[in-house]
Engineer: 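Once you've had a glance at the structure underneath, I'll fire off some questions.
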Amino acid sequence: MKRDKEDKFDRQLREKFDGFTPEVPPGLWGKIAEQLGEEKQQPLRGKKRRISTWWMAVAATLVVVCGLTYWFNRPVEVTYLHGGAALPEMEGPKPAPVSEPEKEISPAPEPLDAERVKRLFAKRTDKAGNRLAKITAANTDEGTAARGVAVTASAGSGSAKEEEILPVEQPAGRSARLEEAAVALEEPVLAGVPDIQPPVVLDDVEDTMLAVAPSEKPSFGVSSILNYVVGAVDQREEKLVTFSNDEEGSLKLDFNFSLARNKKKKIK
Amino acid sequence: MERTVTIDKLYEGCRAGSRQAQEELYRALAPKMMGVCMRYAKSTFEAEDMLQAGFIKVFTHVGSYRGEGSFEGWIHRIMVNTAIEAYRRNVRGGPHIAIDEVYDDVQHTFSMDRLECEDLIQVIRELPDGYRMVFNMYALEGYSHKEIAEALNISEGASKSQLSRARAWLKEKIKQLEGGAYETR
């Protein structure tokens, strides 16, 4: 009975609304038609944009990752000393990118006077000879005879013999090299290079100059980062793992197995 | 019969993408569908939005109509679904309003001839959103409590409870509108 009454109420309402046709706003169809026109174009445009954006993001990420990987694993620059071997090559035509900027920066090089250079060398040789003579004289006064035959001879024969002996006392090949440098400086091509100053630099260390290995700057790379991380984890003086870079830039791993064994023993 | 035939013919035109057929279908069914939307919406503006969104769906998804039932009935269901979607959007984070228990006097029969549809719609709109949806779907559309529960994401018990309260509340309101001019049987 109750259900029938409720159904009747619902039915009455349904019948009431069955013929209900309220007025529709006049401009509504225009909005619908306009939206329908946009809907026909938007789905394709929206999809395209989404896909292209996605690929662009992926491509950008790849480029960044590859760039960082190359940067941290790039080969270390090796500088080779050419010495005199490079001199003959400089006689030929100079490469444009190297010579042009120097012309702009440095003033025009003036040709070196070979006679003047020789005089300078002779002057310096005399000075060095005098210094050596003083040293040898002092040594002989103290009675030390173990300085060599040449020194003893110079001390005994006086200043007249010093001039003959002193060139012998100079490091082997010094005067010869100086003469070579002087001859080389006479050449017009070499005179154009402003950075060459061998007469001034060659004082006491000229023999060791070429033998000294090029100073290597400590490179900051992946190995440094990894060593820092290992150092943060492993706080002992000796590290279990050590990273380093060789000259070609390859990453090397060094394991300290003795530490690993000690650790195992400690754990047991 | 003639109207049904006309709408079926318009369906073919709409499926072919004819803008003229779409407009004719809109002119033929918009007032009736506007009545449906007004029952579900809280205001006339909301009803217009529902109607617009519903017809856009009709024209863009007309290919999915399989011919089961009338084309007009399919459009009616799309309008109801649009109203349900709007309710779901609005109900998120919104306050859940309940109506107090109202004494349901089932002994009275209502004479609704003296009431205008607009008055009845105004009364229905005063119902809280959930109650209005359940009452519309069950009493006026013929959905089962199970279907309503699934559509509104509530339990069947809640659907029954809300229907009962909404019905009692509406009767009380309609009684007041009629000014006591109802028949006692």
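In what follows, chains carry the letters A, B, and so on, assigned in the order in which the sequence lines appear, proteins first and then strands, with residues in each chain numbered from 1. Everything numeric in this text was worked out from a predicted model, so none of it was measured.
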Engineer: What distance do A:Leu36 atom CG and B:Gln22 atom CD have between them, rounded to the nearest 0.5 Å?
Structural biologist: 5.5 Å
Engineer: Do B:Tyr26 and A:Val24 make a side-chain contact, defined as non-hydrogen atoms from C-beta onward lying under 4.5 Å apart?
Structural biologist: yes
Engineer: Could you measure the distance from the NZ atom of A:Lys16 to the CD atom of B:Glu116? Nearest 0.5 Å is fine.
Structural biologist: 6.0 Å
Engineer: Nearest 0.5 Å, please: how far is NZ in A:Lys31 from CD1 in B:Ile56?
Structural biologist: 11.5 Å
Engineer: Does NZ or CZ of B:Lys32 come closer than 6.0 Å to the centre of the six-membered ring of A:Phe20, within 45° of the ring's axis?
Structural biologist: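 Relative to the ring axis of A:Phe20, which defines the angle, B:Lys32 lies outside at least one limit.
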Engineer: Tell me the closest heavy-atom pair linking A:Ala33 and B:Arg19, and the distance in Å.
Structural biologist: O-NH1, 3.5 Å
Engineer: Testing the basics here: between A:Pro22 and B:Pro31, what is the closest heavy-atom pair and its distance to 0.1 Å?
Structural biologist: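 Heavy atoms only, the tightest pair is CD-O, 3.3 Å.
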Engineer: Roughly how far, to the nearest 0.5 Å, is the CZ atom of A:Phe17 from the CG atom of B:Leu140?
Structural biologist: 6.5 Å
Engineer: Could you tell me which of B:Ile124, B:Leu51, B:Ile121 has the largest number of non-hydrogen atom pairs under 4.5 Å with chain A?
Structural biologist: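 The option with the most such pairs is B:Ile121.
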Engineer: Checking A:Glu15 against chain B: side chain, backbone, both or neither under 4.5 Å from a heavy atom?
Structural biologist: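 Neither part.
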Engineer: Roughly how far, to the nearest 0.5 Å, is the CG atom of B:Leu163 from the CG atom of A:Asp10?
Structural biologist: 7.0 Å
Engineer: Would the number of heavy atoms belonging to other residues, nucleotides or ligands and lying under 6.0 Å from CG of B:Asn153 be above 12?
Structural biologist: no
Engineer: Among residues 35-48 of chain B, which residues come closer than 4.5 Å to chain A, judged by heavy atom distances?
Structural biologist: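 Interface residues of residues 35-48 of chain B: B:Gly35, B:Met38, B:Arg39, B:Glu48.
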Engineer: Do A:Leu13 and B:Phe135 have side chains that approach each other closer than 4.5 Å (heavy atoms only, starting at C-beta)?
Structural biologist: yes
Engineer: Below 4.5 Å, heavy atoms only, C-beta onward: do B:Met34 and A:Thr21 meet side chain to side chain?
Structural biologist: no
Engineer: Specify whether A:Trp29 and B:Phe59 have parallel, tilted or perpendicular ring planes, treating 30° as the upper limit for parallel and 60° as the lower limit for perpendicular.
Structural biologist: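 The rings of A:Trp29 and B:Phe59 stand perpendicular, inter-plane angle above 60°.
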